[in-house]
Amino acid sequence: MPIVRSAVFLGMLLAAAVLQVSFFAFFSYDGVVPNLVLLVVVAAGLTRGPELAALLGFTGGLLLDLLPPADHVAGRWALALVVAGYLAGRVRPEQGRSSTVALATVAACSFVSTSIFALSGMVLTDPGVPVGEALRVIPIALVYDLLLAPFVLPPAMRVFRRMQAPQVAY
Amino acid sequence: MAKSPRRHTRSVLAVLLLASVTAITLDVQGGAESVFQPAREGLGDAFGPVEEGAALVARPLSEVPGFFSSNKSLRDDIARLEAENSNLRGQLATTSEVRYRAAELDGLLSSSERSGLALVPARVVAMGPAQSFSRTVTIDAGTSSGIGPDMTVLNNDGLVGRVVQANRGSATVLLIVDQDSVVGARLGSNAEVGFLRGRGGLGGGSRMDLDLVDNSETPGRDDVVVTWGSRGGTPYVAGVPVGTVESVVSSPREQAKHAVIDPFADFSSLDLVGVVVDADTRGDRAVIRAGEMPGGE
């Protein structure tokens with residue numbers, strides 16, 4: 001049932017986006033909060049491959065772009081998370097079982113997506129994102145994403161496995 | 001199955017990347033009339049209350065570490081003293097500016113304007129992540145309380161920012177430390193005007209840059225900076241304290257002197273803020289007029 005599945009996935013992305021801006025805003029480190037939407041997208045990539053992950057990355061990114069208090073150009077997080085989802089999906093499924101590989105994927109995707117977002121800001125906005133600020137934020141975001149990964153990835157991956165459409169072995 | 005799964009994945013990726021770039025282009029080209037504006041408003045209306053709820057859960061939890069360091073009554077004392085302290089500091093901060101205006105005999109008009117400030121109280125319910133590199137927060141009051149775009153937002157300590165978008169029950173505030181924020185500012189001691197730009201920092205080390213219009217003037221250390229205000233009080237009303245001069249930098253290459261400003265407001269722990277509205281605003285929450293608290297202690 002694709003409708004039920006997409007509703008569940010959309011719900012997960014919405015919950016992640018809302019928690020990220022409002023709940024975790026109170027537990028931010030120097031303004032940096034864990035990127036829960038990214039963690040959901042990585043979970044999709046590790047279990048279901050690049051296509052679904054890139055699609056969820058696009059949807060989740062648009063949510064981050066439009067949900068208040070976002071005030072930047074729409075589509076920037078979408079671009080960043082499409083790439084992150086595709087990368088996570090390229091990790092071989094049998095390796096995705098190992099927690100080390102999963103954490104390494106989270107780290108790589110966090111680095112790539114925050115960097116793409118910062119780079120798009122340097123190109124698109126007028127005063128531009130200062131390089132020093134980007135270099136300061138990216139590692140903090142990476143560490144915070146890694147810290148949250150053990151709590152978010154396993155349940156999200158379980159949902160994605162369970163919601164898998166019945167497949168014919170070939 | 002004509003296509004190999006790998007090629008299919010590639011085309012999905014290409015389509016999604018193109019879609020992202022198209023979205024960026026549409027939004028940049030559209031400006032204020034962008035096709036995403038209705039979506040922004042819709043999401044704001046729908047998820048303002050949800051963010052409010054999440055913040056309601058998080059707020060007491062974020063105070064949990066406090067229980068370990070001190071007990072309830074001590075923390076109440078601290079909160080009361082802090083409020084008193086920032087109140088006194090605010091009074092002190094505006095003294096030099098008030099003295100100047102009195103000397104200039106033009107204080108009459110502006111002080112009546114200033115004492116007439118009507119505020120709608122609101123709480124910060126969501127904060128833009130630092131990963132987004134823009135400093136915005138959501139407050140839990142919107143158009144239903146009489147809040148609209150380009151209204152001044154301040155708190156106990158000083159200027160906070162301005163409203164950039166107002167939804168029914170929530171509004172987005174651009175903080176003055178954001179890179180995009182430019183505030184017309186005035187030095188308290190000699191009323192020199194200049195422009196304040198945010199640096200994008202948020203924590204205790206957040207600073208702003210002040211460029212004075214008159215190159216020959218040198219701002220003094222610890223001089224207070226207040227807003228200069230424009231016609232109709234939008235986007236900033238006049239005379240709100242912003243911060244103090246921390247250091248003055250002058251480079252031989254450029255003529256202008258350039259001051260670093262330490263803002264009064266603590267942007268990493270924003271909670272209760274006030275939005276400056278017209279005195280006759282009627283909305284779904286009480287308006288604080290001229291410093292009097294409705295039903296306060």
Side-chain angles (χ1 to χ4, degrees), chain A residues 14 17-28 30-33 35 49-51 54-55 57-58 61-80 82-83 85-86 89 113-114 117-118 120-121 124-130 133-134 136-138 140-141, chain B residues 8-9 12-13 16-17 19-28 34 36 39-40 42-44 47-48 50-55 57-59 61-62 124-138 164-165 167 170-174 178-180 197 199-203 267-268:
Chain A
L14 271 175
V18 168
L19 282 179
Q20 189 173 327
V21 292
S22 58
F23 186 85
F24 279 98
F26 291 90
F27 305 98
S28 71
D30 218 1
V32 182
V33 297
N35 197 339
E51 279 169 45
L55 188 62
F58 182 74
L62 266 191
L63 279 179
L64 282 187
D65 286 327
L66 298 179
L67 205 67
D71 192 41
H72 52 263
V73 172
R76 284 173 62 196
W77 270 120
L79 182 69
V82 164
V83 177
Y86 179 75
S113 61
T114 319
F117 187 87
S120 69
L124 283 168
T125 53
D126 187 18
V129 175
E133 170 80 358
R136 193 184 61 84
V137 164
I138 290 170
I140 302 176
Chain B
H8 185 240
T9 308
V12 168
L13 179 71
L16 288 175
L17 285 179
S20 310
V21 175
T22 313
I24 292 175
T25 319
L26 281 177
D27 204 31
V28 169
S34 138
F36 289 102
R40 278 210 171 95
L43 277 174
F47 284 93
V50 181
E51 287 180 356
E52 219 175 301
V57 177
R59 207 171 277 137
L61 283 179
S62 70
V124 171
V125 294
M127 211 174 273
Q131 287 103 312
S132 289
F133 299 105
S134 66
R135 304 302 180 200
T136 49
V137 295
T138 309
V164 285
Q165 192 188 325
N167 301 310
S170 66
T172 303
V173 176
L174 183 74
D178 186 275
Q179 296 240 300
D180 285 340
R197 287 185 179 79
R199 281 189 181 173
L202 194 68
F267 293 97
S268 56

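Keep in mind the model is a prediction, meaning the values are calculated, not measured. Naming: A, B, ... by sequence-line order, numbering from 1 per chain.
- For the residue pair A:L62 and A:A78, the shortest heavy atom distance occurs at N-CB, 4.0 Å.
- Of the listed residues A:V82, A:V83, A:N35, A:L63, the one with more heavy-atom pairs under 4.5 angstrom with chain B than any other is A:V82.
- Applying the side-chain contact (heavy atoms from CB on, under 4.5 Å) rule to A:V73 yields the partners A:R76, B:I24, B:D27, B:V28; only residues at least two apart in sequence or on another chain are considered.
- Contacts of A:A118 with chain B are made by both backbone and side-chain atoms, with heavy-atom separations under 4.5 Å.
- Contact of A:A80 with chain B is not made at all, since no heavy-atom distance falls under 4.5 Å.
- What you find for A:P69 and B:T136 is that their closest heavy atoms are O-OG1, 2.5 Å.
- The minimum heavy-atom distance between A:A141 and A:T114, with the atom names listed, is CB-OG1, 4.4 Å.
- Proximity to chain B (any heavy atom under 4.5 Å) is shown, for A:A74, by both the backbone and the side chain.
- With a 4.5 angstrom heavy-atom cutoff, A:F23 touches chain B via backbone and side-chain atoms both.
- Of the atoms belonging to B:A171, not a single heavy atom falls under 4.5 Å from chain A.
- Of the two parts of B:T172, only the side chain, counted from C-beta on, holds a non-hydrogen atom closer than 4.5 Å to a non-hydrogen atom of chain A.
- In terms of heavy atoms, B:L174 sits closest to B:D178 at CD1-CG, 3.6 Å.
- Between chain A and the options B:A23, B:S170, B:G44, B:A55, heavy-atom pairs under 4.5 Å are most frequent for B:A55.
- Within the 4.5 angstrom heavy-atom criterion, only backbone atoms of B:V137 (N, CA, C, O) approach chain A.
- With sequence neighbours excluded, the residues satisfying ring pair (Phe, Tyr, Trp, His ring centres under 6.0 Å) with A:F117 are A:H72, A:W77.
- Using a 4.5 Å cut-off between heavy atoms, A:I140 makes no contact with chain B at all.
- Annotation for A:P68 and B:T138: closest pair C-OG1, 3.5 Å, computed over non-hydrogen atoms.
- Looking at A:L64, neither its backbone nor its side chain comes within 4.5 Å of chain B, counting heavy atoms on both sides.
- Neither the backbone nor the side chain of B:L26 comes within contact range of chain A; no heavy atoms are under 4.5 Å apart.
- With hydrogens and angles ignored, the 3.5 Å screen pairs no side-chain donor or acceptor of B:E51 with any backbone N or O of B:A126.
- At a 4.5 Å heavy-atom cutoff, the contact between B:V124 and chain A is made by backbone atoms alone.
- Of the two parts of B:F47, only the side chain, counted from C-beta on, holds a non-hydrogen atom closer than 4.5 Å to a non-hydrogen atom of chain A.
- Heavy atoms only, all atoms of each residue included: B:Q179 and B:R199 are closest at NE2-O, 3.0 Å.
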